[in-house]
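Chain letters run A, B, ... following the sequence lines, proteins first and then strands; every chain starts at 1.
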Amino acid sequence: MTTDSEATLHCGVNEHYRRIWHTVKLIPAGRVASYGQIADLAGLPGRARMVGKALQAAPKPMQLPWHRVLRSNGQIAFPAGSDTAEEQKGRLQEEEVVVLKNRVRLVEYQWRPDLAELLFGLAF
DNA sequence: CACATGACATCCA
DNA sequence: GTGGATGCCATGT
């Protein structure tokens, strides 16, 4: 194992995924964040797609609050009516987040972390 | 190596 | 509101 697989392992995706997962864990119950927002907070501006990959690759036992991550317009990223979308809607409603037409009102529910929150969360 | 696909975002018509 | 073009980049064929 010489070249890229090792390099990729060292400085690459795994490290990014770790940071993404960590950031998602910081979203408080009852609030939501967008993929792009998570990417930014994780130090990966412009890489919203990687957030999707990271969540997809996230081991289930990790218990990530993936349901709090939405599109930049507040929509659930899965096709309306799909099992996954329904589960996400259910989990959000458990947290008093209103979901209508597969979508959440970001003006009401989007997470807006203050500085102290970020310092505490990301300092690890 | 080239190409397609995707739990996305932004800009513009 | 819709839809297309572009940027982004890991993964799989």
Tell me, do A:V99 and A:Q88 make a side-chain contact under 4.5 Å, heavy atoms counted?
no

For C:dA5 versus B:dA7, give the span between their C1' atoms, rounded off to a whole number of Å. 22 Å

note: A:L44, atom CG; C:dG7, atom C1'; distance rounded to Å ~ 16 Å

To the nearest angstrom, the CZ-C1' distance between A:R68 and B:dA7 comes to 17 Å

Separation of C:dC9 atom P from A:R19 atom CZ, nearest Å, is 15 Å

Contacts of A:A39 meeting side chain to side chain contact (heavy atoms under 4.5 Å, CB included) (sequence neighbours excluded), chain-then-number -> A:V51

Residue pairs meeting salt bridge (Lys or Arg N to Asp or Glu O under 4.0 Å), one or both in residues 23-39 of chain A, sequence neighbours left out, come to none

Quiz item: Does the A:R103 side chain pair with the main chain of A:G74, one donor and one acceptor, at a distance under 3.5 Å?
Solution: no

May I have the list of side-chain donor-acceptor pairs in residues 40-48 of chain A shorter than 3.5 Å, sequence neighbours left out?
none

Within residues 50-64 of chain A, the residues having a heavy atom closer than 4.0 Å to DNA chain C are A:M50, A:K53

For residues 57-69 of chain A, which side-chain donor-acceptor pairs fall under 3.5 Å, sequence neighbours excluded?
residue	atom	partner	partner atom	Å
A:H67	NE2	A:E95	OE2	3.0
A:R68	NE	A:E95	OE1	3.1
A:R68	NE	A:E95	OE2	3.2
A:R68	NH1	A:I27	O	2.7
A:R68	NH2	A:E95	OE2	2.7

Contact check, residues 79-114 of chain A vs DNA chain B, heavy-atom distance under 4.0 Å, returns none

**Prompt:** Closer than 4.0 Å, any side-chain N/O of A:Y35 to the OP1 or OP2 of C:dC8?
**Reply:** no

Taken to the nearest whole Å, CD1/A:I76 to C1'/B:dG6 is 18 Å

For DNA chain B, consecutive-pair runs of 3 or more (Watson-Crick or G-U wobble, both H-bond-type distances under 3.5 Å) give B:2-6 with C:9-13, B:8-13 with C:2-7

Could you tell me if the side chain of A:Y17 sits less than 4.5 Å from the side chain of A:M50, heavy atoms only?
yes

Taken to the nearest whole Å, CZ/A:R47 to P/C:dA10 is 7 Å

Side-chain atoms of A:A48 come closest, of B:dA9, B:dA7, C:dT11, to B:dA9

Checking B:dA7, B:dA9, C:dT11 against the side chain of A:A77 (C-beta onward), the nearest is B:dA7

Sorted by chain and number, sequence neighbours left out, side chain to side chain contact (heavy atoms under 4.5 Å, CB included) with A:S82 holds for A:F78, A:P79, A:T84, A:A85

Across all chains, not counting sequence neighbours, the salt bridge (Lys or Arg N to Asp or Glu O under 4.0 Å) partners of A:R91 are A:E87

Taken to the nearest whole Å, CD1/A:I38 to P/B:dA7 is 18 Å

**Report entry** Side chain to side chain, A:L26 and A:F120, heavy atoms closer than 4.5 Å
**Finding:** no

Whole-Å distance, A:N73 CG to C:dG1 C1', equals 12 Å

Here the distance between atom P of C:dC9 and atom CD1 of A:I20, to the nearest Å, is 12 Å

Contacts of A:K89 meeting side chain to side chain donor-acceptor pair (under 3.5 Å) (sequence neighbours excluded), chain-then-number -> A:E86

Would you list the atom pairs, donor with acceptor, under 3.5 Å between side chains in residues 110-119 of chain A and any protein atom, with sequence neighbours excluded?
residue	atom	partner	partner atom	Å
A:Q110	NE2	A:Q37	OE1	3.1
A:W111	NE1	A:E117	OE2	3.0
A:R112	NH1	A:Q110	O	3.3
A:D114	OD1	A:A116	N	3.2
A:D114	OD1	A:E117	N	2.8
A:E117	OE1	A:D114	N	3.3

